[in-house]
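Inspection log for the structure reproduced underneath, given as structure tokens.
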Amino acid sequence: MKNEDRRLTIVEHLSEFRRRFIACILCFFLVFCGALLFSDQLYAFLTAGFREKLLVLGPNDILSIYLQLASLMAFTITLPFTLFQVWQFVKPALRKGEAGVILLYVPASLICFLVGLLFGYYLVSPAILEVLLTLGQGQFTIQLTAQNYLAFIFHTTVPLGVLFELPVLVAFLTSIHILTPDWLRRYRRIAYFLLLVLAVVLTPADFISDLAMTVPLILLYEVSLGISRVIYNRIQKRR
């Protein structure tokens, strides 16, 4: 009898997971369809710094560009809804106090993701693009297409948006007793090295670009460490 009840509970959890997963997919699809209507405005915003219009090599490029922009907008807009669904799914396993605190991570995740995108777009992308364009100055005739430019923007901003989720992730893992500030301090040097490698991978072989990427990532790690320390101390005081 106990095995049957447990099997039923697992089936119910899987059914709830499927229902919430489908809800996230439908939400993304609906927002994606609406975002397609504003893709041209977002494209105009992203290319406002160019005096001349960027090249496209065919009508397929136009469709691809609009689909990529709509996907980015849909992912950003539906991120809070997706995280809320995740929170609703794990909520029964949490205490009342923990559930309320973890709910705060939903808007925090969106804010950190947007800050990462803006940081990449306004600071990192222009610096890297200027370095890349000056590498072959006088040797090549550079024709920047819209597809290449947006691919470059996505590759330099979206990873930063994800990396800026580090404080939220550290705060969450600390609140559920997986991470501690002592652990983060103990492996700080290794973390710095990994962040330096990541900065070199994401930027061209240029010291200024590497430094411009490494310093914010290290500061982000230190902020995450500080947040972990505050949460850990609060947990210790409650015991």
Side-chain angles (χ1 to χ4, degrees), residues 32 35-36 38-58 60-79 108-169 191-224:
F32 173 81
L36 278 175
F38 301 95
S39 296
D40 53 347
Q41 286 93 330
L42 181 58
Y43 173 78
F45 170 76
L46 293 176
T47 58
F50 293 94
R51 297 179 181 179
E52 299 179 358
K53 295 182 179 179
L54 297 177
L55 297 174
V56 291
L57 302 180
N60 290 336
D61 282 358
I62 300 176
L63 178 61
S64 177
I65 289 170
Y66 283 0
L67 290 177
Q68 291 178 45
L69 294 175
S71 298
L72 179 60
M73 281 194 289
F75 176 80
T76 304
I77 294 173
T78 58
L79 180 61
S109 298
L110 176 62
I111 293 173
C112 288
F113 185 74
L114 290 175
V115 170
L117 290 180
L118 294 174
F119 175 79
Y121 178 72
Y122 284 107
L123 297 177
V124 177
S125 294
I128 297 177
L129 183 62
E130 183 177 358
V131 172
L132 292 176
L133 292 178
T134 55
L135 285 177
Q137 193 171 17
Q139 302 294 329
F140 305 96
T141 299
I142 300 176
Q143 290 185 332
L144 190 62
T145 66
Q147 183 77 3
N148 291 337
Y149 173 69
L150 289 179
F152 167 78
I153 291 295
F154 286 167
H155 291 162
T156 54
T157 57
V158 175
L160 281 172
V162 175
L163 288 173
F164 269 62
E165 296 288 346
L166 181 62
V168 179
L169 178 62
Y192 281 7
F193 175 75
L194 293 177
L195 291 175
L196 176 61
V197 172
L198 185 62
V200 172
V201 171
L202 294 177
T203 57
D206 175 80
F207 175 75
I208 301 299
S209 300
D210 294 341
L211 185 63
M213 179 70 80
T214 304
V215 172
L217 292 181
I218 291 177
L219 291 176
L220 202 62
Y221 185 85
E222 292 299 325
V223 170
S224 302

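Note that the structure is predicted; figures quoted are calculated from it, not measured.
With sequence neighbours left out, the side chain to side chain donor-acceptor pair (under 3.5 Å) criterion links E165 to no other residue. Shown here are the side chain to side chain contact (heavy atoms under 4.5 Å, CB included) partners of P216, two or more places apart in sequence or in another chain: F119. Partners of Y149 according to the ring-ring contact (aromatic ring centres under 6.0 Å, His included) rule, which considers only residues two or more places apart in sequence or in another chain, are F50. Legend: residues meeting salt bridge (charged side-chain N to carboxylate O under 4.0 Å, His left out) with E222, ordered by chain and number and at least two apart, are R188. The side chain to side chain donor-acceptor pair (under 3.5 Å) check on T47 picks up nothing, with sequence neighbours excluded. Residues that satisfy the side chain to side chain contact (heavy atoms under 4.5 Å, CB included) test with A191, not counting sequence neighbours, are Y221. For N148, the side chain to side chain donor-acceptor pair (under 3.5 Å) criterion is met by T145, not counting sequence neighbours. Looking at residues two or more places apart in sequence or on another chain, you find a side chain to side chain contact (heavy atoms under 4.5 Å, CB included) between I77 and V31. By the side chain to side chain contact (heavy atoms under 4.5 Å, CB included) test, T157 pairs with L117, Y121, S125, I153, sequence neighbours left out.
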Which pairs of donor and acceptor atoms, one on a side chain in residues 69-76, lie under 3.5 Å apart (sequence neighbours left out)?
{"unit_1": "S71", "atom_1": "OG", "unit_2": "L67", "atom_2": "O", "d": "2.8"}
{"unit_1": "T76", "atom_1": "OG1", "unit_2": "L72", "atom_2": "O", "d": "2.9"}

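Contact check for L150 versus L54: no side-chain heavy atoms found under the 4.5 Å cut-off. Using a 4.5 Å cut-off on side-chain heavy atoms (C-beta onward), S39 and L36 make contact.
Summarising the geometry, atom OG1 belonging to T156 is positioned 11.5 Å from atom CG belonging to L123; distances are rounded to the nearest 0.5 Å. Taken from CG in L110 to OG1 in T78, the straight-line distance is 10.0 Å, to the nearest 0.5 Å. Taken to the nearest 0.5 Å, the CG atom of L42 stands 11.5 Å off from the CD atom of Q68. L195 contributes atom CG, which lies 8.0 Å from atom CG of L166 (distance to the nearest 0.5 angstrom). Separation of atoms CG (L217) and CZ (F164) is listed at 7.0 Å; rounding is to 0.5 Å. If you take SG on C112 and CG on L220, they are separated by 8.0 Å, rounding to the nearest 0.5 Å.
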